[in-house]
S.K.: 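Sharing a structure here in structure tokens format.
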There are 2 protein chains.
Amino acid sequence: MNGKLITRDTDYAVRALVYIFNSKERIVSASELVDELKIPRPFLRKILQKLSKAGILKAYKGKGGGFQLTVAAKKVSLIGLIELFQGPVKLTECLFKKKPCPNMKVCPLRKKLQGIEKIVVKELESIKLNLLFDSKL
Amino acid sequence: MNGKLITRDTDYAVRALVYIFNSKERIVSASELVDELKIPRPFLRKILQKLSKAGILKAYKGKGGGFQLTVAAKKVSLIGLIELFQGPVKLTECLFKKKPCPNMKVCPLRKKLQGIEKIVVKELESIKLNLLFDSKL
DNA sequence: TATGAATGATACCAACTTAGTATCATTTTG
DNA sequence: CAAAATGATACTAAGTTGGTATCATTCATA
Ligand code: FES
Ligand code: FES
């Protein structure tokens with residue numbers, strides 16, 4: 001199977017955030033993150049931009065610029081990042097892709113799987129970033 | 001997100017098994033299944049072959065041939081099918097793909113996600129096929 | 001025993017997603 | 001103005017999924 005819960009984007013994002021957190025109030029540049037975390041530069045930059053657009057990082061342009069955590073960052077849970085990079089969590093999707101499925105309501109398989117999905121979402125919600133900040137990656 | 005728990009293979013397989021179950025002791029041919037379930041023929045055949053190799057269906061070759069459920073079939077759980085078609089369930093995979101990750105043991109993110117994985121697996125194990133056989137798809 | 005209806009085995013192909021690149025514009029410090 | 005940083009965006013490569021195509025084998029039955 002391969003129904004990964006988190007993709008590379010999200011994983012890199014977590015690492016970057018943890019690193020930035022550990023740098024306290026310092027402004028951390030993409031270059032520094034590339035060096036430290038060995039993440040391919042252009043890919044990381046894309047990720048940082050997304051985090052900054054989402055209000056999780058504050059970006060400073062120009063020489064000496066970089067990123068800092070916003071206050072919001074500490075409240076973000078893993079599911080927030082997942083949704084940001086991978087879209088809304090849906091582990092289960094009806095077979096009949098386009099047309100609305102007639103069995104949607106009663107389909108027992110779907111019902112079961114949706115139950116599982118709910119559990120997963122709740123768990124992901126409970127993983128706040130500051131849980132991860134403590135122990136380093 | 002798109003970390004689907006079950007792919008098309010598996011879903012089709014469930015449908016086919018339910019249909020065959022409802023046909024009681026009759027031998028059901030691939031053609032009949034194609035007509036009834038509107039699944040693309042060659043794809044369905046591949047799926048049926050897999051089910052038969054796995055001992056979930058018994059195949060009868062030649063004119064008048066087709067498939068029947070084996071006794072084993074009723075004991076199969078959803079996770080059995082998932083593993084058959086999609087391989088072992090692993091919702092979480094370490095970032096450092098190839099090389100064994102040094103943080104494997106302590107990485108808090110991984111630990112959390114593996115916890116979720118365990119829950120999911122347990123749930124999938126609990127979905128036995130005969131649960132689905134009752135209400136039709 | 002020949003025929004046709006069925007499955008077995010396998011190799012191939014197309015669309016989609018994920019991971020990653022490449023380029024150029026804009027802002028800021030010195 | 002020059003250098004160092006981010007912003008925006010378009011492109012490419014590799015892998016996975018969903019699906020085809022072909023040919024071989026088996027079996028019932030006329
Ligand atoms: S088949 Fe559409 S919901 Fe079950
Ligand atoms: S990074 Fe390898 S397990 Fe967390």
Side-chain angles (χ1 to χ4, degrees), chain A residues 1-13 15-16 20 26-35 37-68 82 84-87 90 93-98, chain B residues 1-13 15-16 20 26-35 37-68 82 84-87 90 93-98:
Chain A
M1 192 199 222
N2 214 1
K4 288 176 286 179
L5 285 177
I6 66 174
T7 58
R8 218 103 152 197
D9 298 307
T10 311
D11 210 331
Y12 286 159
R15 288 157 172 271
I20 296 172
R26 252 181 62 236
I27 290 178
V28 180
S29 74
S31 299
E32 180 178 345
L33 289 165
V34 166
D35 290 346
L37 305 177
K38 324 284 188 208
I39 298 174
R41 160 174 237 119
F43 195 26
L44 176 63
R45 294 229 312 123
K46 206 164 56 170
I47 291 166
L48 292 171
Q49 280 182 30
K50 233 177 189 175
L51 287 170
S52 136
K53 261 191 195 167
I56 295 168
L57 289 179
K58 166 122 184 63
Y60 299 88
K61 295 173 95 173
K63 200 168 181 174
F67 302 87
Q68 267 182 337
I82 290 177
L84 180 58
F85 290 102
Q86 312 170 220
K90 47 178 155 60
E93 212 182 337
C94 176
L95 233 203
F96 296 120
K97 296 248 155 157
K98 345 244 146 182
Chain B
M1 194 200 223
N2 213 1
K4 288 176 283 177
L5 286 178
I6 67 174
T7 57
R8 218 105 152 194
D9 298 308
T10 310
D11 210 331
Y12 285 160
R15 286 158 175 269
I20 297 172
R26 252 181 64 234
I27 291 177
V28 181
S29 74
S31 299
E32 181 178 344
L33 289 166
V34 166
D35 290 346
L37 305 177
K38 323 282 188 211
I39 298 173
R41 160 174 237 119
F43 194 26
L44 176 63
R45 295 226 316 119
K46 205 164 58 168
I47 290 166
L48 292 171
Q49 281 182 30
K50 234 177 187 174
L51 287 170
S52 135
K53 262 192 194 167
I56 296 169
L57 289 178
K58 165 123 184 60
Y60 299 88
K61 293 172 96 173
K63 199 168 183 177
F67 302 86
Q68 267 182 338
I82 290 176
L84 181 58
F85 289 102
Q86 310 170 221
K90 46 178 156 57
E93 213 181 337
C94 176
L95 233 203
F96 296 120
K97 294 248 156 158
K98 346 245 148 183

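Proteins come first, then strands; the chains are lettered A, B, ... in the order of their sequence lines, and each starts at number 1. Hydrogens, waters and symmetry mates are skipped; everything else that's a heavy atom, side chains included, is used. Bear in mind the structure is a predicted one, so any value in this text is a computation, not a measurement.
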S.K.: Does a side-chain N or O of A:R45 approach OP1 or OP2 of D:dG7 to a distance below 4.0 Å, or not?
M.R.: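 A:R45 to D:dG7 OP1/OP2: no side-chain N or O under 4.0 Å.
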S.K.: Over its full length, what angle do the end axes of the helix from C:dT1-D:dA30 to C:dG30-D:dC1 make, each axis taken from five pairs and the result rounded to 10 degrees?
M.R.: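 Rounded value for the end-axis angle: 10°.
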S.K.: Tell me whether the side-chain N/O atoms of A:K53 come closer than 4.0 Å to OP1 or OP2 in D:dA8.
M.R.: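 Yes, within the criterion.
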S.K.: Which of these, B:I47, B:V28, B:L51, sits in a side chain to side chain contact (heavy atoms under 4.5 Å, CB included) with B:L57?
M.R.: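 It is B:L51; the other options fail the test.
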S.K.: Does OP1 or OP2 of C:dT17 have a side-chain N or O of A:T7 closer than 4.0 Å?
M.R.: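 Answer is no, no contact under 4.0 Å.
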S.K.: Over all strands shown, is B:G65 touching base, sugar-phosphate only, or nothing at heavy-atom distances under 4.0 angstrom?
M.R.: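 Sugar-phosphate: the residue B:G65, judged by heavy atoms under 4.0 Å, touches backbone atoms but no base.
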S.K.: To the nearest Å, give me how far apart CZ (B:F43) and C1' (D:dT22) are.
M.R.: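 Rounded to whole Å, this separation is 18 Å.
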S.K.: Return the value, rounded to whole Å, for the distance between atom CG of A:L51 and atom P of D:dT6.
M.R.: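 After rounding, the reported distance stands at 13 Å.
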S.K.: Mind listing the closest non-hydrogen atom pair of A:S52 and A:A59 along with its distance?
M.R.: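 Heavy-atom minimum between the residues: OG-CB, 3.9 Å.
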S.K.: Compare side-chain N and O positions of A:Y60 against OP1 and OP2 of C:dT29 and report whether any pair is under 4.0 Å apart.
M.R.: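 No, A:Y60 has no side-chain N/O under 4.0 Å of OP1/OP2 on C:dT29.
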S.K.: Tell me the interatomic distance from A:F85, atom CZ, to C:dA19, atom C1', rounded to whole angstroms.
M.R.: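 Spelled out: CZ on A:F85 to C1' on C:dA19 is 13 Å.
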S.K.: D:dT20 P sits how many Å from B:L44 CG, rounded?
M.R.: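 From B:L44 CG to D:dT20 P: 11 Å.
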S.K.: Whole angstrom is fine here: how far is it from CZ in B:R8 over to C1' in D:dT20?
M.R.: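 That distance rounds to 15 Å.
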S.K.: If you pin B:K63 and A:P40 to their nearest nucleotides in DNA chain C, which one's is more 5'?
M.R.: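 Nearest-nucleotide comparison on DNA chain C picks B:K63.
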S.K.: For the pair B:Q86 (side chain) and B:T10 (backbone), establish whether a donor and an acceptor sit closer than 3.5 Å, ignoring hydrogens and angles.
M.R.: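 No, because the side chain of B:Q86 does not come within donor-acceptor range (under 3.5 Å) of the backbone of B:T10.
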S.K.: Students often get this wrong, so: under 4.0 angstrom with heavy atoms, is A:S31 touching a base, only sugar-phosphate, or nothing?
M.R.: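 Nothing, no heavy atom under 4.0 Å.
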S.K.: What is the distance, to the nearest angstrom, from the OH atom on B:Y12 to the P atom on D:dT17?
M.R.: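 From B:Y12 OH to D:dT17 P: 15 Å.
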S.K.: If you look at every heavy atom in A:A16 and A:L37, which pair is closest and at what distance?
M.R.: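 So the two residues come closest at CA-CD1, 3.7 Å.
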S.K.: Could you measure the distance from the NZ atom of B:K4 to the CD1 atom of B:I82? Nearest 0.5 Å is fine.
M.R.: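 Nearest 0.5 Å value for the NZ-CD1 distance: 12.0 Å.
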S.K.: Should A:K4 be listed as having a side-chain N or O under 4.0 Å from OP1 or OP2 of C:dA19?
M.R.: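 Result: yes.
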S.K.: Over all strands shown, is B:R41 touching base, sugar-phosphate only, or nothing at heavy-atom distances under 4.0 angstrom?
M.R.: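 No contact.
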S.K.: Assuming nearest nucleotide by heavy-atom distance, tell me which of A:G64 and A:K61 is located more 5' along DNA chain D.
M.R.: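 Result of the comparison: A:G64.
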S.K.: Rounded at 0.5 Å granularity, tell me how far OH in B:Y12 sits from CD1 in B:I6.
M.R.: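 The OH atom of B:Y12 sits 11.5 Å away from the CD1 atom of B:I6.
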S.K.: Take the protein atom NZ of B:K46 and the nucleotide atom C1' of C:dC12, then report the distance between them rounded to whole Å.
M.R.: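 Atom NZ in B:K46 sits about 10 Å away from atom C1' in C:dC12.
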S.K.: Donor-acceptor pair, distance only, cut-off 3.5 Å: does the side chain of B:K58 make one with the backbone of B:G55?
M.R.: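 No; judged by distance alone, with no hydrogens or angles, the pair does not exist.
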S.K.: Please confirm whether the backbone N or O of B:I27 pairs with a side-chain atom of B:E32, one donor and one acceptor, at under 3.5 Å?
M.R.: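 Here the side-chain-to-backbone pair does not exist.
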S.K.: Starting from C1' on D:dG15, measure out to CD on B:Q86 and report it in whole angstrom.
M.R.: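 Rounded to whole Å, this separation is 16 Å.
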